[in-house]
Amino acid sequence: MTALSLAAAPGDLLLEIAAHLDCRADVFSLCLTSNRFFATVSSVLYTSVTLNSVEQCSTTLKMLRNRPDIARHVRELIVRPGALSTSDNQFNASERASAAVRDVAMSKALDALVKFTWDFDDLPVYDDMWFALRICCGQLRYVGTSIGTRVPNLHSHLFDFADLRGFSLYLKRAFFESHLDIFSDEQEPTSRRFWHMLMKRCPNLQELVIDGVSPFPVDARPLSYARWPNLRRLVLGDVAVDWLPGDALAAPDAKSPFIEFLEAHPNLQTLGLSRSNVSHTRLATMAPDTVKLRSFTGTLEQLQSIPHMHKYLDCVAFREPMRTRDVTALAVAGLLQKLTSLTKLKISFMLHSMYDSGNLLRSLIASCPNLTHLELACGHKPSFQLELFAKTIRGFSKLRVLHLTVVKYPGDDNLTTGAARIAMTNPRIQHFSLTFLPPTYPFGFPFPFLSFLPFPYRSRDSGSFTLTCDKHGLPQTLRGFERRRLLWPFGLGQTYRMRRYINDLRPAGSPGRRQTGFQGIVELLSENSAAGEELRMLMFCGLLVFLAFWGCWLGNRNHGKDNTL
């Protein structure tokens with residue numbers, strides 16, 4: 001297709017092209033081609049907007065306020081002003097970001113906004129931001145916020161929403177340290193308004209998330225008495241919701257209010273639990289076939305206690321890492337083998353010593369042959385070499401997405417080389433990520449009790465990669481985006497480094513392979529072909545000619561000096 005015919009292509013064809021591009025950077029480049037392309041493809045580019053700093057909040061939201069033709073495409077807005085060290089900077093960031101959201105909402109430019117999430121260490125400074133979103137964004141049905149040291153006051157506009165389809169509450173560490181009983185005390189005005197909004201004003205709730213990580217769970221028992229007929233997704237972090245009255249503890253088959261809550265929601269498809277929510281013995285009292293889950297997140301014991309749901313599950317994520325001292329790979333594989341419909345798996349292991357992961361991978365392949373998405377993490381100690389890993393996962397014949405997090409094996413490939421090995425060995429994996437974690441102490445240091453010494457420096461390398469194959473299914477190019485975080489010793493802070501690149505994975509001499517500049521000459525010199533041999537011969541002859549001329553020049557120079565003397 002020529003450039004002229006592409007410029008005259010219909011809008012729906014341009015949208016299809018944009019939908020098949022690998023990353024948002026390519027979509028943005030397509031938008032910059034012409035004004036017509038931008039007017040058509042910007043709906044794909046701005047459907048979901050994520051702001052990760054205060055500067056992005058101020059700049060992007062100001063642009064959306066002045067460009068309603070772009071803002072009308074925004075359906076999801078995620079605001080993350082950024083984690084800052086001091087409380088003053090934190091307050092200023094929250095103030096600027098919440099004011100920018102309030103202003104763009106009051107301009108009524110975000111008339112298509114469906115989902116809004118505030119993800120920060122604390123609530124927004126300007127509470128009227130929620131009022132502006134509720135009044136001026138008529139299609140807003142999903143709201144998410146985080147809570148830290150400050151809790152919403154009694155008259156907060158956060159509790160004025162009605163007819164929501166989804167609500168997310170992310171509890172930060174500072175919240176667990178100060179407000180453990182705010183959601184359990186029914187006489188607390190803030191708690192009463194919170195639960196009244198969810199139970200009475202949002203009867204059609206489909207998604208509810210109350211997430212947070214803490215060794216001391218927050219009490220949220222009123223949740224067990226709620227009833228949402230359309231609830232499809234429930235995710236609970238470290239919040240306590242399961243309990244039994246004192247006189248019912250003696251009954252062996254007594255059901256807690258939370259188990260009755262689960263049985264009262266037969267449309268529930270996604271359930272995320274933590275060890276703080278419900279014990280596996282209580283979970284086993286659930287009546288079979290009352291709930292047919294498709295996705296489950298929890299502990300190994302909780303998954304074992306619901307065998308009647310195993311045949312329905314196609315997505316499983318284990319919330320806690322499995323310590324190899326307590327749980328063997330064969331025990332995990334035996335449980336996963338019962339999940340006949342499983343296609344997505346997230347699992348992590350905490351290794352107490354260097355571990356040969358060949359048996360681990362082979363057991364996962366044997367128990368989960370239909371996996372299309374795999375997220376595997378092995379922390380604490382090095383587990384395997386990337387070359388062995390790349391060859392072993394060929395047993396996952398249907399795998400398309402991979403996320404691997406490991407401690408780098410001593411002397412193993414770097415991030416770029418390891419990603420190329422995985423791509424060359426498994427061309428069917430279209431998207432994958434690779435992360436190298438630092439070991440628990442400087443690996444290889446002979447005396448563990450001296451692990452406090454600040455060498456070697458602790459770093460975390462991660463990268464996301466997209467593989468493109470040719471029409472025959474052979475690897476062609478690998479697009480990579482790598483990030484490195486280096487932690488300096490003695491509390492001197494940390495530095496970040498990022499880079500983007502595109503590697504050509506085709507063999508040397510392949511038609512169309514880009515060989516330009518000095519790198520192309522070096523590749524051709526090292527190539528085992530007729531062209532490589534000819535170039536090496538030419539370079540050798542040229543070197544001989546250069547040495548001959550150099551020798552003649554030195555001889556004439558010395559002869560001239562002798563004549564002068």
Side-chain angles (χ1 to χ4, degrees), residues 50 52 78-85 87 90-91 93-94 97-98 101 115-125 127 129-130 133 142-154 156-161 164 166-199 202 205 207-226 228 231 233-243 258 261 270-278 297-299 302 317 319-320:
T50 302
N52 294 313
I78 302 175
V79 177
R80 298 189 180 106
L84 301 170
S85 56
S87 58
Q90 188 179 38
F91 180 85
S94 177
S98 58
V101 174
K115 185 174 183 178
F116 174 81
T117 303
W118 173 270
D119 188 3
F120 194 44
D121 291 339
D122 218 325
L123 285 169
V125 172
D127 185 77
M129 180 192 76
W130 304 113
L133 289 170
Y142 294 80
V143 174
T145 186
S146 54
I147 299 181
T149 55
R150 296 187 300 110
V151 297
N153 56 53
L154 178 60
S156 174
H157 294 287
L158 177 62
F159 303 135
D160 292 336
F161 286 96
L164 292 177
F167 186 83
S168 302
L169 185 64
Y170 302 96
L171 307 177
K172 300 298 182 178
R173 179 181 301 179
F175 174 85
F176 287 97
E177 296 174 354
S178 308
H179 311 286
L180 287 180
D181 300 329
I182 187 173
F183 295 125
S184 62
D185 188 2
E186 297 182 358
Q187 303 301 323
E188 171 70 28
T190 302
S191 175
R192 186 166 60 249
R193 287 206 62 193
F194 173 76
W195 293 114
H196 181 268
M197 178 191 69
L198 292 180
M199 297 181 185
C202 302
L205 199 68
E207 298 183 12
L208 177 61
V209 177
I210 305 179
D211 206 352
V213 179
S214 174
F216 305 101
V218 63
D219 195 346
R221 288 178 294 176
L223 171 68
S224 301
Y225 299 102
W228 296 288
L231 188 66
R233 181 171 182 261
L234 175 65
V235 177
L236 300 176
D238 288 331
V239 295
V241 294
D242 186 42
W243 64 282
F258 182 68
F261 168 86
T270 301
L271 178 62
L273 299 175
S274 71
R275 192 177 299 274
S276 304
N277 304 142
V278 57
T297 301
T299 64
Q302 290 173 340
R319 187 179 179 96
E320 300 177 357

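Between atom CG of residue L154 and atom OG1 of residue T190 there is a gap of 6.0 Å, rounded to the nearest 0.5 Å. For the atom pair Y170 OH and D121 CG, the distance stands at 14.5 Å (nearest 0.5 Å). Interatomic distance, OG of S94 versus CZ of R150, reported as 6.0 Å (0.5 Å rounding). Taking CG of L234 as the start and CG of L273 as the end, the distance is 7.0 Å to the nearest 0.5 Å. With values rounded to the nearest 0.5 angstrom, L133 atom CG is found 12.5 Å from D160 atom CG. Between the CG atom of L164 and the CG atom of L198 there is a distance of 8.0 Å, given to the nearest 0.5 Å.
Between Q302 and V278, the shortest heavy-atom contact is NE2-O, 2.9 Å. Across F167 and L205, no two heavy atoms sit closer than the pair N-CD1, 4.2 Å. The minimum heavy-atom distance linking R233 with L231 is given by the pair O-CD1, 3.7 Å. Nearest approach of A174 to T149, heavy atoms of both residues: CB-CG2, 3.3 Å. Between R319 and G237, the closest heavy-atom pair is NH2-CA, 3.3 Å. Here the closest heavy-atom approach between residue N153 and residue F159 is recorded as O-CE1, 3.9 Å.
Formation of a donor-acceptor pair under 3.5 Å by the R80 side chain with backbone atoms of T50 is not found in this model. Under a 3.5 Å cut-off, the side chain of N277 and the backbone N or O of D242 do not form any donor-acceptor pair. Side chain of T117 to main chain of G144: no donor-acceptor pair is present (N/O by atom type, distance under 3.5 Å, no hydrogens or angles). Judged by distance alone, with hydrogens and angles left aside, the side-chain atoms of W228 form a donor-acceptor pair with the main-chain N or O of C202 at under 3.5 Å.
Defined by atom type and a distance below 3.5 Å, a donor-acceptor pair is missing between the side-chain atoms of D211 and S168. For D122 and Q90, the side-chain atoms include no donor-acceptor pair closer than 3.5 Å.
Here the side chains of F175 and S214 are not in contact, with every heavy-atom distance at 4.5 Å or above. Using a 4.5 Å heavy-atom threshold, the side chains of W195 and Y225 count as separate. The shortest distance between side-chain heavy atoms of V241 and F261 does not fall below 4.5 Å. Between V79 and F116 there is a side-chain heavy-atom pair separated by less than 4.5 Å. L223 is listed as a side-chain neighbour of L236, based on a closest heavy-atom distance under 4.5 Å.
Among the candidates T145, D127, L158, the single residue satisfying the side chain to side chain contact (heavy atoms under 4.5 Å, CB included) test with P152 is L158.
The ring-ring contact (aromatic ring centres under 6.0 Å, His included) search around W118 returns none, not counting sequence neighbours. Every residue meeting the side-chain hydrogen bond (donor to acceptor under 3.5 Å, both in side chains) condition with D238, not counting sequence neighbours, appears here in chain and number order: S274, S276.
For D119 and K172, the salt-bridge test passes: some basic side-chain N is under 4.0 Å from an acidic carboxylate O.
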